[in-house]
Amino acid sequence: QVQLVESGGGTVQAGGSLRLSCAASGYTASGYTYSVSCMGWFRQAPGRERERIAGVGSSGSTSYAGSVKGRFTIAKDNAKNTLYLQITSLKPEDSAMYYCAARFGVCSGNLATMMGGVNRFPYWGQGTQVTVSS
């Protein structure tokens with residue numbers, strides 16, 4: 001069974017930076033290779049739907065939501081089975097619970113095509129809270 005564990009969240013002032021990590025385990029036991037997986041970051045603020053914000057395909061191609069493009073960078077380290085999200089120029093509206101998600105197989109294209117909806121991902125982490133103060 002694939003497990004994802006996020007870390008790196010916290011409380012920062014507007015304009016600050018954070019690096020979120022998502023460590024994956026269980027791929028080998030599940031018969032899959034971490035490098036051949038579609039992974040992404042979602043976030044959910046109180047009272048709002050979970051929204052996709054960044055994705056990375058098995059080829060390394062990346063895609064971002066317009067609200068975070070230029071400020072967030074997604075990266076996947078296949079040697080460490082770890083997904084990262086570097087967040088810069090944080091704004092109060094970035095405050096949310098951040099989740100990583102994974103599914104087996106390839107993905108590419110723009111964010112909507114690459115990621116699809118939350119129901120496309122069978123594996124989720126528990127989330128890490130990011131709070132940005134003004």
Side-chain angles (χ1 to χ4, degrees):
Q1 179 75 1
V2 172
Q3 292 187 324
L4 305 175
V5 179
E6 300 101 333
S7 61
T11 300
V12 297
Q13 290 188 330
S17 301
L18 285 172
R19 189 175 81 155
L20 308 184
S21 300
C22 172
S25 61
Y27 269 78
T28 303
S30 300
Y32 292 93
T33 303
Y34 180 80
S35 60
V36 184
S37 60
C38 183
M39 302 196 69
W41 288 95
F42 292 73
R43 68 184 181 187
Q44 187 169 20
R48 302 190 66 176
E49 292 187 356
R50 192 168 298 190
E51 63 169 333
R52 57 187 176 227
I53 54 173
V56 58
S58 56
S59 67
S61 61
T62 59
S63 191
Y64 299 91
S67 59
V68 306
K69 194 171 186 178
R71 298 187 299 122
F72 290 17
T73 303
I74 188 171
K76 186 165 166 269
D77 187 333
N78 292 328
K80 295 182 178 180
N81 283 16
T82 301
L83 181 72
Y84 301 98
L85 186 69
Q86 181 70 44
I87 308 174
T88 63
S89 302
L90 277 161
K91 305 174 182 179
E93 51 264 42
D94 292 321
S95 297
M97 187 70 79
Y98 283 69
Y99 299 90
C100 67
R103 68 172 185 259
F104 303 130
V106 299
C107 60
S108 61
N110 61 33
L111 190 63
T113 302
M114 174 183 284
M115 303 277 280
V118 296
N119 58 353
R120 293 285 311 277
F121 288 85
Y123 303 107
W124 292 85
Q126 82 288 353
T128 186
Q129 178 69 39
V130 173
T131 302
V132 185
S133 60
S134 57

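Counting from 1, the numbers follow the sequence of the chain as shown. Atom set for the values below is all heavy atoms of this structure, side chains included, hydrogens, waters and symmetry mates excluded.
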Which atom names give the shortest non-hydrogen contact between G127 and M97, and what distance separates them? C-SD, 3.7 Å
Euclidean distance, E6 CD relative to C22 SG, rounded to 0.5 Å: 5.0 Å
Side chains of L4 and L83 in contact at under 4.5 Å (non-hydrogen atoms): no
Between W41 and Y84, which heavy-atom pair has the shortest distance, and what is it? NE1-O, 3.2 Å
Any donor-acceptor pair under 3.5 Å linking the side chain of T88 with the backbone of R71? yes
Quick one: closest heavy-atom pair of A24 and Y27, and the distance? CB-CE1, 3.8 Å
For the OG atom of S58 and the CG atom of N78, what is their distance to the nearest 0.5 Å? 9.0 Å
Do F42 and V68 belong to the same hydrophobic cluster, where Ile, Leu, Val, Met, Phe, Trp and Tyr are linked whenever their side-chain heavy atoms lie under 4.5 Å apart, directly or via other members? no
side-chain contact (heavy atoms from CB on, under 4.5 Å) between V130 and L20, worked out: CA-CA 9 Å; V130 173; L20 308 184; 4.1 Å; yes
Kindly indicate whether the side chain of Y34, heavy atoms from C-beta on, has any atom under 4.5 Å from the side chain of D77. no
Measure across S21 and T82 and return the closest heavy-atom pair with its distance rounded to 0.1 Å. CB-CG2, 4.3 Å
Output a table of donor-acceptor pairs, distance under 3.5 Å, between side-chain atoms of residues 101-117 and any protein atom two or more places apart or on a different chain; print 'none' if there are none.
unit_1	atom_1	unit_2	atom_2	d
R103	NH1	M115	O	3.0
R103	NH2	M114	O	2.8
N110	OD1	A112	N	3.2
N110	OD1	T113	N	2.8
N110	OD1	T113	OG1	2.9

Under 4.5 Å between any side-chain heavy atoms of Q44 and Y99, yes or no? yes
Going through the checks in order, is the side-chain contact (heavy atoms from CB on, under 4.5 Å) test met by L85 and I53? CA-CA 10 Å; L85 186 69; I53 54 173; 3.9 Å; yes
All heavy atoms of I87 vs all of L90, minimum pair found to be CG2-CD2, 3.2 Å
Rounded to the nearest 0.5 angstrom, the OG-CD distance for S134 and Q13 is 9.0 Å
Interatomic spacing from CE in M39 to CG in N81 - rounded to 0.5 Å: 8.5 Å
Can you give me the closest heavy-atom contact between S67 and R43, atom names plus distance? OG-NH2, 3.7 Å
From NZ (K76) to SG (C38), nearest 0.5 Å: 9.0 Å
Take a 6.0 Å sphere around CD of Q3 and say whether it holds more than 12 heavy atoms from other residues, nucleotides or ligands. no
Could you tell me whether a side-chain N or O of T131 sits under 3.5 Å from a main-chain N or O of S95, the two making a donor and an acceptor? no
Would you indicate whether the side-chain heavy atoms of T128 and S7 approach each other to under 4.5 Å? no
Check whether any side-chain heavy atom of W124 sits under 4.5 Å from a side-chain heavy atom of R50, and report yes or no. yes
Set of salt bridge (Lys or Arg N to Asp or Glu O under 4.0 Å) partners for E93, sequence neighbours left out: none
If Ile, Leu, Val, Met, Phe, Trp and Tyr residues are connected whenever their side-chain heavy atoms lie under 4.5 Å apart, and connections chain through other members, are Y98 and Y64 in the same group? yes
